[in-house]
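I have placed the structure first, in the form of structure tokens, so that the comments after it can refer back to it.
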Amino acid sequence: MSLELNHFITKYDEKLNRDGKAVSIYCFNYGLAKKNNILWGKPKGNEYRTYFIERPFNYTTLILEQIKEIKVLKCTNPKCGRVFSESERVGLEFTHYKCPDCSATVIEESVIDTEIEKKLKGVTLRKITADEMNVLLALNSQTNSVFAKDIATDVDMNPQRISKICKRLAEDKKLVIIDKIIVPYRYEISEQGKLYFA
């Protein structure tokens with residue numbers, strides 16, 4: 001799962017870089033930075049105004065290249081499904097990418113896409129807002145039910161706002177369970193909510 005979904009980094013801003021292309025700027029999660037005493041935020045003044053969009057910080061190409069390398073050669077026949085190693089590519093080129101076992105076509109596919117597809121197959125997840133996702137992430141990292149104030153620093157929100165979000169997630173979307181035995185209420189992620197992190 002991505003660093004953002006695991007609550008380590010947060011999308012900070014979107015800007016145009018020096019080449020005029022839109023770039024996303026990410027930073028450490030605010031709660032994580034505060035907890036580990038890491039300076040967080042943009043320097044004051046205009047001196048470092050363009051710091052975030054400098055070319056050395058653009059890792060898009062590197063990341064895409066890495067993703068492209070995580071591929072497998074696989075037979076398209078579901079009954080066969082043979083996976084070929086990179087060393088077998090020469091033989092496949094000779095047979096025009098036909099499987100020697102069943103003569104079906106052999107394709108190159110991304111392992112990442114396949115793993116994500118397996119996890120999401122048959123699961124329909126409702127759309128949730130960024131704030132709702134942040135609260136779910138915080139609750140998912142807890143082993144027991146917690147008060148809103150217990151995760152306030154992690155999600156960079158006040159406890160009242162967290163309570164409202166949890167109420168919405170519980171009543172409208174069934175993603176959170178509210179323990180109303182004592183006041184203030186305690187919250188925990190539901191089994192349905194855990195599907196977002198399966």
Side-chain angles (χ1 to χ4, degrees), residues 1-15 22-44 48 51-53 57-60 63-64 66-67 70 110-198:
M1 200 156 268
S2 74
L3 289 172
E4 190 174 11
L5 287 177
N6 279 301
H7 220 47
F8 291 110
I9 62 172
T10 304
K11 189 169 182 178
Y12 182 77
D13 201 358
E14 282 189 358
K15 292 185 179 287
V23 293
S24 295
I25 298 166
Y26 290 87
C27 65
F28 282 119
N29 170 272
Y30 178 73
L32 182 69
K34 291 295 273 185
K35 185 176 181 181
N36 291 284
N37 206 21
I38 299 170
L39 293 175
W40 191 94
K42 190 167 77 171
K44 293 179 180 177
Y48 299 100
Y51 177 79
F52 295 114
I53 58 173
F57 297 112
N58 186 358
Y59 294 105
T60 305
I63 292 166
L64 289 175
Q66 187 65 35
I67 289 171
I70 306 171
S110 167
V111 174
I112 291 174
D113 293 343
T114 307
E115 287 177 3
I116 291 171
E117 189 180 340
K118 278 181 186 174
K119 284 182 179 179
L120 295 180
K121 207 167 191 179
V123 177
T124 305
L125 300 177
R126 298 179 69 177
K127 288 185 180 178
I128 59 175
T129 67
D131 284 345
E132 289 172 340
M133 177 57 86
N134 284 334
V135 170
L136 276 184
L137 280 164
L139 291 175
N140 192 52
S141 67
Q142 304 295 321
T143 52
N144 298 309
S145 59
V146 293
F147 297 111
K149 67 175 185 175
D150 295 332
I151 59 170
T153 306
D154 292 341
V155 295
D156 192 24
M157 293 180 207
N158 64 49
Q160 292 79 16
R161 187 169 172 206
I162 292 170
S163 297
K164 285 181 182 176
I165 290 172
C166 285
K167 183 179 179 186
R168 190 166 63 239
L169 287 171
E171 294 176 358
D172 300 344
K173 301 177 181 178
K174 311 297 183 210
L175 303 178
V176 168
I177 298 167
I178 303 175
D179 181 356
K180 297 182 178 180
I181 294 173
I182 55 170
V183 177
Y185 298 154
R186 297 174 69 93
Y187 306 96
E188 66 179 299
I189 192 166
S190 69
E191 289 303 315
Q192 197 169 339
K194 288 177 182 175
L195 292 174
Y196 285 80
F197 312 102

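It should be emphasised that the depicted structure is a prediction, and the values quoted were computed from it without experimental measurement.
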What's the separation between atom [atom1] in [X] and atom [atom2] in [Y], rounded to the nearest 0.5 Å?
X	Y	atom1	atom2	result
Asp156	Lys34	CG	NZ	9.5 Å
Leu175	Lys194	CG	NZ	12.5 Å
Ser190	Leu195	OG	CG	8.0 Å
Ile151	Leu136	CD1	CG	9.0 Å

- request: Assess whether atom CD1 of Ile181 is packed by more than 12 heavy atoms of other residues, nucleotides or ligands within 6.0 Å.
  value: no
message: Does Asn37 have more than 12 heavy atoms from other residues, nucleotides or ligands lying within 6.0 Å of its CG?
response: no
field: Residue pair Pro159 / Ala148: nearest heavy atoms and the distance that separates them
entry: O-CB, 3.5 Å
field: Least distance between heavy atoms, Tyr185 atom then Phe147 atom
entry: O-CD2, 3.5 Å
query: Could you give all pairs that pass the salt bridge (Lys or Arg N to Asp or Glu O under 4.0 Å) test and reach residues 131-143, with sequence neighbours left out?
result: Asp131-Arg161, Glu132-Arg168, Glu132-Lys173
message: Has Asn158 got a side-chain atom pairing as donor or acceptor with Gln160's backbone, closer than 3.5 angstrom?
response: yes
query: Do any pairs count as a side-chain hydrogen bond (donor to acceptor under 3.5 Å, both in side chains) and have a residue in residues 143-153, sequence neighbours left out, and if so which ones?
result: Ser145-Arg186
Non-neighbouring partners of Ser163 that pass side-chain hydrogen bond (donor to acceptor under 3.5 Å, both in side chains), sequence neighbours left out: Tyr187
